[in-house]
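Structure record follows, encoded as structure tokens.
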Amino acid sequence: MSDTTAASYKPDMQVLTLSEHMPAFADPNDPTGFTTPEQVAIFTHEWIHYLHNLSTIVGMTTVCTYANIWNSFRWTFKDDGWSHPDAAEDPTVVPAIEEQFDYLRILRSASKSTLPRNAEAGFTHATAYKLEREDDLPNQLVDFISLSLEYRRHADAEVEQHEAAIRTHEILEYAAFALEEIASIKLRSVPRAPKLMPYLLVAKLAKLVSPSLDKMQILKATIACLQHPSPPGQLLAILERAEQASQDGKDADAEVAAAAMELLDKQWALAEMTLEQTESVFPIREAMGDSVKHTMDSIRNLLGHRRQNPFFEIDAVGGFTDIESSVARLIHAFGGPIFVQRRVGDPHKSGRDLMYNFFALDPEIDEITNGWLWAHAAYRFIGAHIGDDRSLKATASARSIACPFYTTCVCTFREDNPNLCTTKPWLSVLSSAGTCEFAHAVHMTRPDASVLPLRTHLAPEEMTLAV
């Protein structure tokens, strides 16, 4: 979050990473855990991103979109065992993959702004706003809020005119920051001052659109709008609705809660259909499919919590009482992501970092951890095929990427071929389908895993393959 050197969350992998600056679990034999309120607050921020990944309609859409892309991508393989866009017999497959990646990119990416990068919130206020459609997604109803702002570089400076935008990224970051702030206060710690972008743009919008709402009401409106595949327009509508209720002497809290429940009710049938369609992509019992189906069940369970209490994360974080038990209660009640603990040392040393599975608190879940890793490695493999021009490329032209498990892996292939693992990790499948998690992911993605012979070691010439 707010301190990117301490922790971060990757929604495409559902992985929470603790940096070496927060060594809570650096020693697996003697983990210290979180020892300060500040650490718990930072963790809470990133855990909220995980929660919103699995307990909101927009988060569910993201998770299911990855699974659907994986299913479509399998139709692009040729007999050489690699992906070629022209291999898809259905002409709609490749455009659909490209459009779905555009949707994910817009959801995840921070919006650009003309404001200075270090612009201070105290010297900035919004003067106008407008709801607009995303030009890159002409076939989908995805919107964003353009925001005009006045900014002073210091108290006596001249006023500057600037533009910014609020998309899903800015909404998610505001919600996570606001809940981090609650965690800090409950643990009797001073909240950190966040950057204006991306954390406080929603607050600037709310001050303009709904000046009578308090911070808690704004946070609830922010959470409520996430129950839609395109949150920005919903956020604006809920803020306006709550402000009108306040001006009319009605209960603004009740209006926000009603808006949240209305969105859930409208999306409920479609959400269940989407979950079922995603599950149908994996008709055979195997670890990767089981992990995806477990995620679908988690989404059902957490959306069920929403129908009972649309803002249950506020109550959960608001119930923090001490450093030791707060995080454990969150995980036991609502689950948690796999997370990586970075450690000090050479990043190219195999096994430098450690990977933990919070789900292992439930022994029935531990057995599908490998399948979960394969699924997310597969998503990274597919993502490497999207070029800078946003078009799907053949594997021979795929972007160089590092294996997402590079710093935690202790496989022999990783030790023998670090150059491949940091540029073309999919080549590990040529060595053995069982060599590492990434090899398993590629193996599972191919429609026919027998197209290429598997060998114990790569030949020297294969280590420089274009693919």
Can you tell me how far [atom2] of [Y] sits from [atom1] of [X], rounded to the nearest 0.5 angstrom?
{"X": "Glu134", "Y": "Tyr103", "atom1": "CD", "atom2": "OH", "value": "11.0 Å"}
{"X": "Ile223", "Y": "His52", "atom1": "CD1", "atom2": "NE2", "value": "5.0 Å"}
{"X": "Tyr50", "Y": "Asn53", "atom1": "OH", "atom2": "CG", "value": "8.5 Å"}
{"X": "Leu275", "Y": "Leu303", "atom1": "CG", "atom2": "CG", "value": "7.0 Å"}
{"X": "Met296", "Y": "Leu54", "atom1": "CE", "atom2": "CG", "value": "8.0 Å"}
{"X": "Thr36", "Y": "Leu187", "atom1": "OG1", "atom2": "CG", "value": "9.5 Å"}

For Val40 and Val327: C-alpha separation, side-chain torsions, deciding distance, then whether side-chain contact (heavy atoms from CB on, under 4.5 Å) applies. CA-CA 7 Å; Val40 173; Val327 169; 4.0 Å; yes
With sequence neighbours left out, write down each residue that passes side chain to side chain donor-acceptor pair (under 3.5 Å) with [X], or none if nothing qualifies.
{"X": "Ser325", "answer": "Asp322, Arg329"}
{"X": "Thr127", "answer": "none"}
{"X": "His228", "answer": "none"}

Using atom types as modelled and distance alone, determine if a side-chain donor or acceptor of [X] lies under 3.5 Å from a backbone N or O of [Y].
{"X": "Ser291", "Y": "Met288", "result": "yes"}
{"X": "His162", "Y": "Leu149", "result": "no"}
{"X": "His385", "Y": "Phe381", "result": "yes"}
{"X": "Thr17", "Y": "Ser8", "result": "no"}
{"X": "Ser109", "Y": "Ile106", "result": "no"}
{"X": "Arg306", "Y": "Ser55", "result": "yes"}
{"X": "Asp346", "Y": "His348", "result": "yes"}
{"X": "Ser230", "Y": "Asp143", "result": "yes"}
{"X": "Gln217", "Y": "Asp214", "result": "yes"}
{"X": "Tyr356", "Y": "Phe25", "result": "yes"}

Could you check if a side-chain atom of [X] sits within less than 4.5 angstrom of a side-chain atom of [Y], using non-hydrogen atoms only?
{"X": "Ile48", "Y": "His45", "answer": "no"}
{"X": "Ile323", "Y": "Thr35", "answer": "no"}
{"X": "Thr32", "Y": "Pro23", "answer": "no"}
{"X": "Tyr66", "Y": "Val63", "answer": "no"}
{"X": "Phe413", "Y": "Leu420", "answer": "yes"}
{"X": "Ser210", "Y": "Glu240", "answer": "no"}
{"X": "Arg399", "Y": "Asp388", "answer": "yes"}
{"X": "Pro198", "Y": "His169", "answer": "yes"}

Whether over 12 other heavy atoms sit under 6.0 Å from Lys204 NZ: yes
Tell me the closest heavy-atom pair linking [X] and [Y], and the distance in Å.
{"X": "Asp102", "Y": "Asp136", "value": "OD2-O, 4.0 Å"}
{"X": "Pro232", "Y": "Ile145", "value": "O-CD1, 3.4 Å"}
{"X": "Ala252", "Y": "Ser246", "value": "CB-CB, 4.4 Å"}
{"X": "Gln341", "Y": "Ser19", "value": "NE2-O, 3.2 Å"}
{"X": "Arg153", "Y": "Pro116", "value": "NH1-CG, 3.4 Å"}
{"X": "Leu200", "Y": "Ala121", "value": "CD1-CB, 3.7 Å"}

Derivation of the side-chain contact (heavy atoms from CB on, under 4.5 Å) call for Trp426 and Ile401: CA-CA 10 Å; Trp426 49 88; Ile401 63 168; 3.9 Å; yes
Think Arg167 forms a cation-pi with Phe144, using NZ or CZ under 6.0 Å from the six-ring centre and within 45 degrees of its axis? yes
Cation-pi check, Arg390 onto Phe101 ring (under 6.0 Å, within 45° of axis):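 Geometry flag: not set, cation outside 6.0 Å or 45°.
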Carefully, step by step, assess Leu373 and Met355 under the rule side-chain contact (heavy atoms from CB on, under 4.5 Å). CA-CA 11 Å; Leu373 297 175; Met355 184 179 293; 3.6 Å; yes
What is the ring orientation for Phe312 with His305, classed by angle as parallel under 30°, tilted 30 to 60°, or perpendicular over 60°? tilted
Please evaluate residues Trp47 and Leu179 with respect to the criterion side-chain contact (heavy atoms from CB on, under 4.5 Å), reporting the C-alpha separation (whole Å), side-chain torsions for both, the decisive distance (0.1 Å), and the verdict. CA-CA 10 Å; Trp47 180 84; Leu179 285 153; over 6 Å; no
Determine whether the aromatic ring centres of Trp70 and Phe282 lie less than 6.0 Å apart.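 Yes, close enough.
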Aromatic ring proximity Tyr151/Phe123, centre distance under 6.0 Å: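 Ring-ring flag for Tyr151/Phe123: false, centres at least 6.0 Å apart.
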Do we see a donor-acceptor contact under 3.5 Å between the side chains of [X] and [Y]?
{"X": "Glu243", "Y": "Gln247", "answer": "yes"}
{"X": "Ser350", "Y": "Glu415", "answer": "yes"}
{"X": "His376", "Y": "Glu437", "answer": "no"}
{"X": "Thr407", "Y": "Arg342", "answer": "no"}
{"X": "Glu163", "Y": "Ser148", "answer": "yes"}

Under 4.0 Å between a side-chain nitrogen and a carboxylate oxygen: does that hold for Arg192 and Glu38?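 Salt bridge between Arg192 and Glu38, a charged N being under 4.0 Å from a carboxylate O: no.
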By the definition salt bridge (charged side-chain N to carboxylate O under 4.0 Å, His left out), identify the one residue from Arg300, Lys293, Arg285 that meets it with Glu279. Arg300
